[in-house]
There are 2 protein chains.
Amino acid sequence: MNWQELFIGHVTAGDCLQLMRDIPDSSIDAIVTDPPYGINYQSHKRTASPMFDRLQNDDNDSRFETYAQFNRLLKDNSVAVCFCSFKNYAYDYIELIKYFDIKNTIIWHKGGGGIGDLKHSLVTDYEMAIVAHKGNCPIRGKREGSVWEVGKVFAGDMVHPTEKPTGIIMRILEQFTDRDALVLDPYLGSGTTAVACEKTGRRWIGMEIDEQYARIAQEQIAREVAQGKLFV
Amino acid sequence: MNWQELFIGHVTAGDCLQLMRDIPDSSIDAIVTDPPYGINYQSHKRTASPMFDRLQNDDNDSRFETYAQFNRLLKDNSVAVCFCSFKNYAYDYIELIKYFDIKNTIIWHKGGGGIGDLKHSLVTDYEMAIVAHKGNCPIRGKREGSVWEVGKVFAGDMVHPTEKPTGIIMRILEQFTDRDALVLDPYLGSGTTAVACEKTGRRWIGMEIDEQYARIAQEQIAREVAQGKLFV
DNA sequence: ACTACGGTTGAATCCTGAA
DNA sequence: GTTCAGGATTCAACCGTAG
């Protein structure tokens, strides 16, 4: 079985750093991912029984090792888009700039209230996404601004503690990839990147270290595919 | 003449790194500044006769040396707010985090078009402002988000190539300082910080290495003070 | 009060040629 | 080889005016 049959269109449970070894050089059209931020995040901290456990590999900076692989996997003139917070941005930027040309940082203005230090800090109601170019990846849509207003996923609908809305991933895919492009997300989580690929006609490879989330991702994708087929 | 008589309410022309030596420890309530980004920026490059010359000290990273002094000058429980671009942010953050607790990064969404790499990059229509705390500086206004929509200064009204709107500086002052606070801007430029202080009842110290801009700043402040008095 | 239209501009980047 | 300076590029958002 070759790597394409093995990976494309499947959620593979496992450590992405190991799995990526089985993908040859210059074979991926884009990487879109939301790695663990290395902050050992515990969602719903105030709640007696938090809805989600802590994330695997969120207590270290192992994402930097994978960034070093991104350059090898990507084709020329393509991008890696990596989400991060304003507290991580500096470290992710300095790691990515070793291998890539960073042409933009998208500000995802998600709005809504916010927790944190109520007396001494403003609400951090945005996240950032570094657009790291290998070569010169052209934008496909019209040239737009870098501050994107997209509402966050309603907490009651969340199946993953750091879930991104499908819409913002679709917008990234439509700006930086063509139809049928092969998109990798090594930190798939609940499968948003794969769902966004299905919705926009891209092929995808998903990796997720947590078997429980890998299963949830598969369910989410299956649901999307089923829904999609209803309308064919 | 003591340092207060020397500096407060005056624009001092000179190198801030030298001038700051004459200000004692823990005597400043806030620093709000927009340092040269180290990019040797030339505004209106397409124009036959650009309106502004290049900025002094914009061809190096001397701002980092001044950041090291900020901690000494600030009182406990106060902030330094430093503007930067998404390309500088990582380096400014890593410098400031040595001395400060960074609790927020404000996104100034300024809107407008944008030049640059039209085919491969989105429009960068925002700048960032790092809010670096010495201790715990309380917010004074209501707790708001971090993405601030403020229009930029109309090009025809600009007296400095990287001029910030007075409104955004006022908003920073009102969030992080009390009335009568003493505010330092070591890179005063055309005097926006001082004007914002006058408008909001803060005392100020302004330093500017370029004598021409120091003079322009004085004019801008004088105009504001005169206008203010008309309405008393 | 609104919309429509024309003119202006941008903390840029690419490319080329000179030094 | 490398660095630096100057010219060309290009479009969405904004302002000001007119209707």
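Residue numbering restarts at 1 for every chain, and letters A, B, ... go by the order of the sequence lines. Values below: all heavy atoms of this structure, side chains included; hydrogens, waters and symmetry mates excluded. Every value quoted in this text rests on a predicted model; they were computed, and no experiment measured them.
Atom CZ in B:Phe154 sits about 9 Å away from atom C1' in C:dT9, given to the nearest Å. Residue B:Phe52 contributes atom CZ, which lies 13 Å from atom C1' of C:dA11 at whole-angstrom precision. For B:Asp157 and C:dT8, the CG to P distance is 15 Å, given to the nearest whole Å. C:dG10 atom C1' lies 15 Å from atom CD of B:Glu163, rounded to whole Å. As rounded to whole Å, 13 Å separates atom P of C:dT13 from atom CD1 of A:Ile102. Distance, B:Tyr41 OH to C:dA12 C1': 8 Å, rounded to whole Å. If you take CZ of B:Phe86 and P of C:dT13, they are 7 Å apart, rounded to a whole angstrom. Rounded to a whole Å, the CE atom of B:Met128 is 16 Å from the P atom of C:dA11.
Counting atom types as modelled, B:Asp34 pairs a side-chain N or O with a base atom of C:dA11 as donor and acceptor under 3.5 Å.
Considering only the side chain of A:Asn136, C:dC14 comes nearest among C:dA11, C:dT9, C:dC14. Closest to the B:Ile115 side chain, of the nucleotides C:dC14, C:dG10, C:dA11, is C:dG10. Comparing C:dT13, C:dG10, C:dA11 by their closest approach to the side chain of B:Lys87 singles out C:dT13. Between C:dT9, C:dT13, C:dA11, one nucleotide has an atom nearer to the side chain of B:Asp117 than all others, and that is C:dT13.
In the model, A:Thr177 has no side-chain atom that pairs as donor or acceptor with a side-chain atom of A:Arg140 under 3.5 Å. For the residue pair A:Arg72/A:Gln69, the side-chain donor-acceptor check at 3.5 Å is satisfied.
The two residues A:Ile23 and A:Leu73 have their closest heavy-atom pair at O-CD2, 3.5 Å. Across A:Tyr89 and B:Phe86, no two heavy atoms sit closer than the pair OH-O, 2.9 Å. Residues B:Ala194 and B:Ile221 share a closest heavy-atom pair of CB-CD1, 3.4 Å.
Proximity of A:Phe70 to A:Pro186: side-chain heavy atoms (C-beta onward) are separated by under 4.5 Å at one or more points. Counting only heavy atoms from C-beta outward, the side chains of B:Glu163 and B:Pro161 never approach each other to under 4.5 Å.
B:Phe83 carries B:Lys164 over the face of its six-membered ring, with the cationic atom under 6.0 Å from the centre and within 45° of the normal.
Nearest-nucleotide positions on DNA chain C place B:Lys152 closer to the 5' end than the other of B:Ser121 and B:Lys152. Remark on DNA chain D: of its neighbouring residues A:Lys142 and B:Arg54, the 5'-side contact belongs to B:Arg54, judged by nearest-heavy-atom nucleotide.
Heavy atoms of B:Ser85 sit nowhere under 4.0 angstrom from any nucleic acid atom. The residue B:Tyr37 sits close to a base: some heavy atom pair falls under 4.0 Å. Backbone-only contact: B:Lys110 has heavy atoms under 4.0 Å from sugar-phosphate atoms and none from a base. Using a 4.0 Å heavy-atom distance criterion, B:Gln42 is classed as making no nucleic acid contact. Within the nucleic acid shown, B:Gly112 comes within 4.0 Å of sugar-phosphate atoms alone, with no base atom in reach, counting heavy atoms only. Within the nucleic acid shown, B:Asp125 has no heavy atom closer than 4.0 Å to any nucleic acid atom.
OP1 or OP2 of C:dG10 has at least one side-chain nitrogen or oxygen of B:His44 nearer than 4.0 Å.
Along DNA chain D, read 5' to 3', the first and last nucleotides having any atom under 4.0 Å from a heavy atom of chain B are D:dT9 to D:dC15.
The strand DNA chain D forms stems, runs of 3 or more Watson-Crick or G-U wobble pairs with distances below 3.5 Å, at C:2-10 with D:11-19, C:12-19 with D:2-9.
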Begin from the C-alpha positions of A:Asp29 and A:Ser78 and carry the test side chain to side chain donor-acceptor pair (under 3.5 Å) through to its verdict. CA-CA 6 Å; A:Asp29 291 300; A:Ser78 67; over 6 Å; no

Applying side chain to side chain donor-acceptor pair (under 3.5 Å), run through B:Tyr187 and B:Gln56 and close with a yes or a no. CA-CA 10 Å; B:Tyr187 299 100; B:Gln56 287 193 42; over 6 Å; no

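A distance below 6.0 Å separates the ring centres of B:His160 and B:Tyr213.
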